[in-house]
Amino acid sequence: MLKALIVGASGYAGAQLAYYLSKHPQVEIAALTVSGNSLDAGKLISDYDLYPQLKGVVDLPLIATSDYSSIIENVDIVFLATEHVVSHDLAPYFLDKGCIVFDLSGAFRVNLADFYTQYYGFTHQYKHWLDKAVYGLAEWNDNAIKNAQLIAVPGCYPTAAQLPLKPMITEGLLDPAYWPVINAISGVSGAGRKASLKNHFCEVSIHAYSLFAHRHQPEIAYHLDQQVIFTPHLGNFKRGIHATITCRVKQGVIADDILNALNKYYKNKPLVRIYQKDWPSLKSVEGLPYCDIGFVLKDDHLIMISVEDNLLKGAAAQAMQCMNIRFGFNETTSLI
Ligand SMILES: NC(=O)C1=CN([C@@H]2O[C@H](COP(=O)(O)OP(=O)(O)OC[C@H]3O[C@@H](n4cnc5c(N)ncnc54)[C@H](OP(=O)(O)O)[C@@H]3O)[C@@H](O)[C@H]2O)C=CC1
Ligand SMILES: CC(=O)N[C@@H](CCC(=O)OP(=O)(O)O)C(=O)O
């Protein structure tokens, strides 16, 4: 049995990882940790005020620590379900110890000078690990993931945006003169579990935010090798991302070309489901590890709809999928 550590286990993504690992036949949980001064220190993850859904499933304590020396002996795999700067600081320690690290934050996703100072507010200190990190967009990077020590699991919006667009761009179906326009709305869990007025349920309305300034715009553009306009929205629901992506196709492209491109890349990919008619809504993916994609073409205007659970295909499920790929397990083990 491989042994896995989840850092940030009391967070929304960390708790989902704990659930998936509890069902995995080849990997077991070595420890669940939170920060040294966590208010949840010593509680069971399944306690009433944390995740009672995990009662009888994962009844492990949350260890509050910043010293991993006694834990690491026993660990093969580390999931960092922590905010970006915490992952940035912790990942090299585990990597130097030889662990395989799956980072759910943005700390190793984009290898561009000044990207972290501009969008994340810190100067990246670990260029050599940034150079080695493999972007964990699982359906597209499986060969590189198989050999990676550090897997940077994509952001929730970038997964919902890239999965529909990548086949279009790779097959040369889009008119390069027009940037795809991505309008995506996320549930409040996208902001994490820590309470603030911004994610207080009674305060949340529906609104766009970070116009022309969200850190996921450069992440999407970098990995697509195509500029895009990206506008995130916050919605008054718990979980899920619904992305509406409007593009201009090249003259002569017909609906069959779009469907064939999607099928070419996803027919054998169990976690991406293509709609042949109509288009998906959030209820088809809530609590599930899929990204569902539909589209409509009118003349040379293409609208693609993609939906996912931000905490699952947008975070924990994709991390688990990457782990399965990395260790040669069935891609969907413990996920479906
Ligand atoms: N929520 C989402 O939809 C998505 C999230 N992500 C990314 O995944 C990561 C986790 O997100 P999410 O689960 O929402 O975040 P949460 O805020 O819900 O959880 C963060 C977790 O990290 C712990 N933590 C904070 N500081 C430290 C530390 N120094 N050492 C160890 N643990 C620490 C927190 O516990 P405590 O503070 O008590 O120590 C908590 O368990 C983030 O990088 C986020 O950007 C990616 C895609 C989607
Ligand atoms: C609704 C909400 O606030 N969403 C977050 C993005 C989700 C996330 O966790 O960001 P990463 O994918 O970069 O890790 C935001 O816009 O900052």
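Values in this document were obtained by computation on a predicted structure and should not be read as measured data.
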- Item | Nearest heavy-atom neighbours spanning Ile63 and Ala31 | CD1-CB, 4.0 Å
- Smallest separation among heavy atoms of Leu297 and Ala255, with atom names: CD2-N, 3.4 Å
- Message: I'd like to know if the side chain of His242 and the backbone of Leu282 have a donor-acceptor N/O pair within less than 3.5 Å.
- Response: no
- Message: How long is the straight-line distance from CD1 of Ile169 back to CD of Gln226, given to the nearest 0.5 Å?
- Response: 5.0 Å
- Query: Using 4.0 Å as the upper bound for N to carboxylate O, is an ion pair formed by Lys3 and Asp76?
  - Reply: no
- Rounded to the nearest 0.5 angstrom, the CG-CD1 distance for Leu62 and Ile45 is 5.5 Å
- Query: Counting only N and O atoms by type, is there a donor-acceptor contact under 3.5 Å from the side chain of Ser38 to the main-chain atoms of Ser35?
  - Reply: no
- Message: With heavy-atom distances below 4.5 Å as the criterion, would you say the side chains of Val58 and Ile29 are in contact?
- Response: yes
- Return the orientation label for the Phe329 and Phe327 ring planes: parallel under 30°, perpendicular over 60°, tilted otherwise. parallel
- Message: Would you call the rings of His214 and Phe230 parallel, tilted or perpendicular, taking 30° and 60° as the class edges?
- Response: perpendicular
- Message: In the structure I gave you, are the side-chain heavy atoms of Asn236 and Val188 within less than 4.5 Å of one another anywhere?
- Response: no
- Message: So, taking the atom named CD1 in Ile151 and the one named CE in Met323, what distance separates them when rounded to the nearest 0.5 Å?
- Response: 10.5 Å
- Task: Taking Asp47 for its side chain and Leu44 for its backbone only, find out whether a donor-acceptor pair lies under 3.5 Å.
- Result: yes
- Query: For the rings on His124 and Phe108, is their centre-to-centre separation under 6.0 Å?
  - Reply: yes
- With rounding to the nearest 0.5 Å, note down the distance linking CG in Asp257 to NZ in Lys250. 11.0 Å
- Name all pairs fulfilling the salt bridge (charged side-chain N to carboxylate O under 4.0 Å, His left out) condition that reach into residues 166-194, sequence neighbours left out, sorted by first residue then second. Asp40-Arg193, Glu171-Lys264
- Closest heavy-atom pair, Ile241 versus Ala160, reported as atoms and distance to 0.1 Å, is CG2-CB, 3.9 Å
- Query: What's the shortest heavy-atom distance between Arg326 and Ala148, and which atoms?
  - Reply: NE-O, 2.6 Å
- Query: Is it true that Tyr275 and Phe295 have ring centroids separated by less than 6.0 Å?
  - Reply: no
- Message: Using 30° and 60° as the class boundaries, would you call the ring planes of Tyr157 and His216 parallel, tilted or perpendicular?
- Response: perpendicular
- Query: Looking at side-chain heavy atoms only, is the closest gap between Tyr266 and Asn263 below 4.5 Å?
  - Reply: no
- So CD of Glu331 and CG of Asn268: to nearest 0.5 Å the spacing works out to 10.0 Å
- Item | Min side-chain heavy-atom separation Val296-Trp279 under 4.5 Å | yes
- Message: Less than 3.5 Å apart, any donor N or O on the side chain of Asp131 or Asn111 sitting next to an acceptor on the other?
- Response: yes
- Looking only at side chains, do His24 and Asn324 share a donor and an acceptor under 3.5 Å apart? yes
- Any salt bridge between Lys55 and Asp59, counting N to O under 4.0 Å? no
- Message: By the salt bridge (charged side-chain N to carboxylate O under 4.0 Å, His left out) test, which pairs, at least two apart or in different chains, include something from residues 209-234?
- Response: Arg109-Glu219
- Please tell me if the side chains of Ile77 and Phe79 come closer than 4.5 Å, counting only heavy atoms from C-beta onward. yes
- Is Gln26 close to Thr333 at the side-chain level, that is, under 4.5 Å between some pair of heavy atoms? yes
- Give the minimum heavy-atom separation between Leu173 and Val253, together with the two atoms involved. O-CG2, 3.8 Å
- Item | Heavy atoms from other residues, nucleotides or ligands near NZ of Lys146 exceed 12 (cutoff 6.0 Å) | yes
- Item | Centroid separation His233 to Tyr209 less than 6.0 Å | no
- Item | More than 12 heavy atoms from other groups under 6.0 Å of CD1 on Ile254 | yes
- Task: For the residue pair Tyr290 and Ile336, establish whether any side-chain heavy-atom pair is separated by less than 4.5 Å.
- Result: yes
- Item | Any side-chain donor near an acceptor of the partner, Tyr68 and Thr33, under 3.5 Å | yes
- Go through Thr65 and Asp67 one step at a time and tell me if the side chain to side chain donor-acceptor pair (under 3.5 Å) criterion holds. CA-CA 5 Å; Thr65 188; Asp67 176 5; 5.6 Å; no
- Residue pair Leu80 / Phe102, side-chain heavy-atom distance below 4.5 Å: no
- Message: What verdict does the salt bridge (Lys or Arg N to Asp or Glu O under 4.0 Å) test give for Asp142 and Lys269, after you've listed the backbone C-alpha separation in whole Å, the side-chain angles of each residue and the deciding distance to 0.1 Å?
- Response: CA-CA 11 Å; Asp142 50 352; Lys269 300 291 181 185; 3.4 Å; yes
- Task: Supply the atom-to-atom distance Leu174 CG to Leu165 CG, rounded to the nearest 0.5 angstrom.
- Result: 6.5 Å
- Message: Counting neighbours of NZ on Lys238 that are heavy atoms of other residues, nucleotides or ligands and sit closer than 6.0 Å, is the number greater than 12?
- Response: no
- Message: In this structure, is the centre-to-centre distance between the rings of Tyr135 and Trp140 below 6.0 Å?
- Response: no
- Message: Please give me the minimum heavy-atom distance between Leu234 and Lys198, naming the atom from each residue.
- Response: CD2-O, 4.0 Å
Extract all donor-acceptor atom pairs below 3.5 Å that involve side chains of residues 307-314 and protein atoms in other chains or at least two apart in sequence.
from   : atom 1 : to     : atom 2 : distance (Å)
Asp309 : OD1    : Arg239 : NE     : 3.4
Asp309 : OD1    : Leu311 : N      : 2.9
Asp309 : OD2    : Arg239 : NE     : 2.7
Asp309 : OD2    : Arg239 : NH2    : 3.0
Asp309 : OD2    : Gly287 : N      : 2.8
Asn310 : OD1    : Gly240 : N      : 2.6
Asn310 : ND2    : Ser189 : OG     : 3.1
Lys313 : NZ     : Glu139 : OE1    : 2.8
Lys313 : NZ     : Glu139 : OE2    : 3.1
Lys313 : NZ     : Gln318 : OE1    : 3.1
Lys313 : NZ     : Gln321 : OE1    : 2.7

- Message: Testing the 3.5 Å rule here: is there a donor-acceptor pair between the side chains of Thr244 and Asn183?
- Response: no
